[in-house]
Amino acid sequence: MNLRIGFGYDVHPLIQGRELWLGGVNIPHTKGSLGHSDADVLLHAICDALLGATGLRDIGHHFPDTSPHWKDADSKILLQKTMVLLHEAGWKIGNIDCTLLLEKPKIAPYRDAMIEAIAKAASISSNQISIKATTNEGLGFVGKEEGVAAYAVAIVYS
Ligand code: MG
């Protein structure tokens, strides 16, 4: 079996007047993430982990934020298109593990819905996905609620 690992990281600013999308789920909050698409940091980190594992460059290459086509895009579609690229190159997902960094709100109530949304978009089983979340203990841009960040790793095989 040919086994590869990939790593992804993403950040978006948090501002008032935007919706907060994380892991394909719209989360009620006083702030939302700013970006060209729906600015879903978790899905973007996952896409980059998958693209990195398979040597298919990165999310900015395939879905540039200069393209009007991806303006306000649902990031679940970016993940679906990433999966098309993976499958065309002969790769399958082993598992995805991710960590969200945000101060508020608590993510636990939305965790299962995120896993289901990611599983559906990536056409994998929910038991192949793990989502963890942590605050930044009040430190830095995450701690000051100026932004949200996500890390993801993925194993793929062919
Ligand atoms: Mg992004």
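Both ligands and their constituent atoms are indexed starting at 1 by order of listing. Computed from a predicted model, the values in this text were never measured in an experiment.
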Would Lys76 and Asp40 count as a salt bridge (Lys or Arg N to Asp or Glu O under 4.0 Å) here? Give the steps. CA-CA 9 Å; Lys76 291 189 285 292; Asp40 189 324; over 6 Å; no
Please name the pair of heavy atoms, one in Leu42 and one in Ala150, separated by the smallest distance, quoted to 0.1 Å. CA-CB, 3.8 Å
Report for the Mg ion (ligand 1), protein N, O or S closer than 2.8 Å, by chain and number, lists Asp10 OD2, His12 NE2, His44 ND1
Go through the side-chain N and O atoms of His62 and Thr82 and say whether any donor and acceptor fall under 3.5 Å apart. no
Lys71/Asp65 salt bridge by N-O under 4.0 Å criterion: no
Indicate, with yes or no, if Ile131 and Ile46 share a hydrophobic cluster defined by side-chain heavy-atom contacts under 4.5 Å among Ile, Leu, Val, Met, Phe, Trp and Tyr. yes
Hydrophobic clustering (ILVMFWY, side-chain heavy atoms < 4.5 Å, transitive) - are Ile115 and Tyr110 grouped together? yes
